[in-house]
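Note that these values count all heavy atoms, side chains included, but never hydrogens, waters or copies made by symmetry. Only a predicted model underlies this, so the values are computations on that prediction, with no experimental measurement involved. Atoms within each ligand, like the ligands themselves, are counted from 1 in listed order.
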Amino acid sequence: MNAPAQAGVATVKLLINGKMVESKSTEWRPIVNPATQEVLAQVPFATKAEVDAAMAAAAEAFKTWKNTPIGARIRIMLRLQALIRNNMERVVAVLTAEQGKTLADAQGDVFRGLEVVEHACSIGTLQQGEFSENVAAMVDTYTLRQPIGVCAGITPFNFPAMIPLWMFPMAIVFGNTFVLKPSEQDPLSTMLLVELVLEAGIPPGVLNVVHGGKEVVDAICTHPDIKAISFVGSTAVGTHVYNLGSQHGKRVQSMMSTKNHAVVLPDAHKEQTLNALVGAGFGAAGQRCMATSVSVFVGESRDWLPELVEKAKTPKVNAGTVPGTDVGPVFSKAAKERILGLIEAGVQDGAKLLLDGRGVKVSGYKSGNFIGPTVFAGVKTNMRVYTQEIFSPVLCVLELDTLDEAITLVNANPIGNGVGVFTQSGAAARKFQSEIDVGQVGINIPIPVPVPYFSFTGSRGPKLGDLGPYGKQVV
Ligand code: NAD
């Protein structure tokens, strides 16, 4: 897929020491609109010298940035939040073009990142240390919260605005410097945000951006100047990053693949619950790390299955730019092929395909990577549609008799990222929240994503490493 640079196709720049730089790489990759297959630009796989130059710039900038007054760092973040607000439409349009999600979802993507920038403006109090007087006779003790040096962020394709913004604003405002490696599949909206960071007045070298894949990531994990790494993406890559970075003495946090359950009890509000399942299962084409990909119907709630299927037919599948679209295309041709393979695997494994989105037609966008809402019932825990992350508008339904069985099932799943319970019983909700072993728990809320002043977390599979206490994905 990678090839030499194509003449006449716009190029994505690197950011090194405050300058947008054209890469000298011989390896480039096209960025493709998932609805139209139009090539929007091409992104370089940075050379070793370019990665080293970014590291050197970050290491040099750290010497002065760490001593820059907190107020000066905060004022850059204040300017950045205003710039993001003022440029929202521009970033959203690019994000939808390169990622495929609807304009509303793209706006949410940028907005959730903007909230982290707002949170970064509170660093004055967040950075305070601790002081104890007279811990021994006439001896006082204090702790300082100090920046640790050059930090790195490695981000996935599904939230090209929010996830980079989870990382670098908090790290930078704290006095660290940063090397960002955005997804090589959709870096355009990330780069628009990076331009805004420059416009906000960040000094050269404080934020640097390199593009690429495994080679660049491995260079980050092994580089002596990197002190901490924040990764978001798949389990296979995140585990690799965690292991390699840790072996090289870095502080690493990896947030990885997901499989989120919604447990539906028979006393739940039927209409609200089914609407929530449809929104959380098929919104953003199921490509959210907090999407609900599994519904567990307990007891008589299984009778609601036909209504769920009827509701699942209602979201409008179309290009993300078309007004009223609920479900845009999945991200790439390769992703679509993988999803189609898993739907077929579900059929072969004996799950009941109650709604099949494979044949969906979208007029005007014949070459888009569309898959319509798909519902499997009768899913068992050994089926591939259950054991693998599908990351698509495919909802798997399991049926169980009791809440206890549902809790046991969710807790046995190797991935405890997010979960929801739908019930009108306070006692059942209380039992669920205390016995469930999953990072984010929603009660009558399908996508329980924390706000930036709470850490994102996970149980068992989706998380390796410690999370910083001062906000989501802080390094
Ligand atoms: P990915 O793992 O393929 O890519 C993530 C990053 O790793 C990218 O920057 C990519 O360039 C790099 N990378 C890819 N292959 C590599 C390799 N072999 N060696 C080193 N680096 C490599 O993930 P993706 O497909 O872009 O994103 C989707 C995944 O992210 C899903 O599994 C989703 O669940 C997960 N995700 C998790 C969270 C969370 O908070 N838990 C949030 C968003 C997405």
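The N/O atoms of Glu184, backbone and side chain alike, include one that comes under 3.5 Å of an N/O atom in ligand 1. Any N or O atom pair closer than 3.5 Å counts here, and Gln185 shares no such pair with ligand 1. For a threshold of 3.5 Å applied to N or O pairs, the pair formed by Asp218 and ligand 1 contains no separation below that value. Every N/O-N/O distance between Trp166 and ligand 1 stays at or above 3.5 Å. Residue-to-ligand polar distances keep Lys214 apart from ligand 1: every N/O pair is separated by 3.5 Å or more.
For ligand 1, the atoms lying closer than 4.0 Å to a non-hydrogen atom of Cys289 are 36 (N), 37 (C), 38 (C), 39 (C), 40 (O), 42 (C), 43 (C), 44 (C). With ligand atoms numbered from 1 in the order given, ligand 1 contributes 6 (C), 7 (O), 9 (O) to contacts under 4.0 Å with heavy atoms of Ile154. Each of the atoms 5 (C), 6 (C), 8 (C), 9 (O) of ligand 1 lies under 4.0 Å from some heavy atom of Thr155. Residue contact check: Phe231 has heavy atoms under 4.0 Å from atoms 2 (O), 5 (C), 6 (C), 7 (O) of ligand 1. Of all atoms in ligand 1, numbered sequentially from 1 with element shown, those under 4.0 Å from a heavy atom of Asn158 are 43 (C), 44 (C). The atoms of ligand 1 that sit less than 4.0 Å from any heavy atom of Phe456 are 40 (O). The Ser257 neighbourhood of ligand 1 comprises atoms 32 (O), 34 (O), with distances under 4.0 Å to a heavy atom of that residue. Close contacts of ligand 1 with Gly212, meaning ligand atoms under 4.0 Å from a residue heavy atom, involve 11 (O).
Using modelled atom types and a 3.5 Å distance limit, the side chains of Lys311 and Asn275 yield a donor-acceptor pair. Between Ser23 and Glu50, the side chains place a donor N or O and an acceptor N or O closer than 3.5 Å (distance only, hydrogens not considered).
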Checklist entry - Which is it for Leu398 and Phe297 under the side-chain contact (heavy atoms from CB on, under 4.5 Å) test, yes or no, and what are the steps along the way? => result CA-CA 6 Å; Leu398 289 84; Phe297 281 82; over 6 Å; no
Checklist entry - So Lys316 and Asp326, salt bridge (charged side-chain N to carboxylate O under 4.0 Å, His left out) or not? Walk me through it. => result CA-CA 5 Å; Lys316 271 180 63 185; Asp326 300 300; over 6 Å; no
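With sequence neighbours left out, the side-chain hydrogen bond (donor to acceptor under 3.5 Å, both in side chains) criterion links Gln6 to no other residue.
Relative orientation of the Trp166 and Phe456 rings is tilted, given thresholds of 30° and 60° on the angle between their planes.
Across all their heavy atoms, Pro160 and Asp109 have their closest contact at CD-OD2, 3.3 Å. When all heavy atoms of Ile76 and Pro203 are compared, the pair lying nearest together is CD1-CD, 4.1 Å.
Within the 4.0 Å heavy-atom criterion, neither part of Phe159 lies near ligand 1. When non-hydrogen atoms are compared, ligand 1 lies under 4.0 Å from the side chain of Glu389 (C-beta onward) but not from its backbone. Under 4.0 Å from ligand 1, the heavy atoms of Val237 that appear belong solely to its side chain.
Ala236 does not count as a contact of ligand 1, since none of its heavy atoms falls under 4.0 Å from the ligand. Within the structure, the closest approach of Phe331 to ligand 1 does not fall below 4.0 Å when heavy atoms are considered. Residue-ligand proximity: Ile163 is placed with a non-hydrogen atom under 4.0 Å from ligand 1. Heavy-atom separations between Phe391 and ligand 1 include at least one value shorter than 4.0 Å.
Exactly one of Thr190, Leu188, Leu40 qualifies for a side chain to side chain contact (heavy atoms under 4.5 Å, CB included) with Val94. That residue is Leu188.
Lys214 has no carboxylate O lying under 4.0 Å from a charged side-chain N of Glu184, or vice versa, which leaves the two without a salt bridge. The existence of a salt bridge linking Glu344 and Arg358 is confirmed by a sub-4.0 Å separation between a basic side-chain nitrogen and an acidic carboxylate oxygen.
Environment of CD in Glu435: crowded, with over 12 heavy atoms of neighbouring residues, nucleotides or ligands closer than 6.0 Å.
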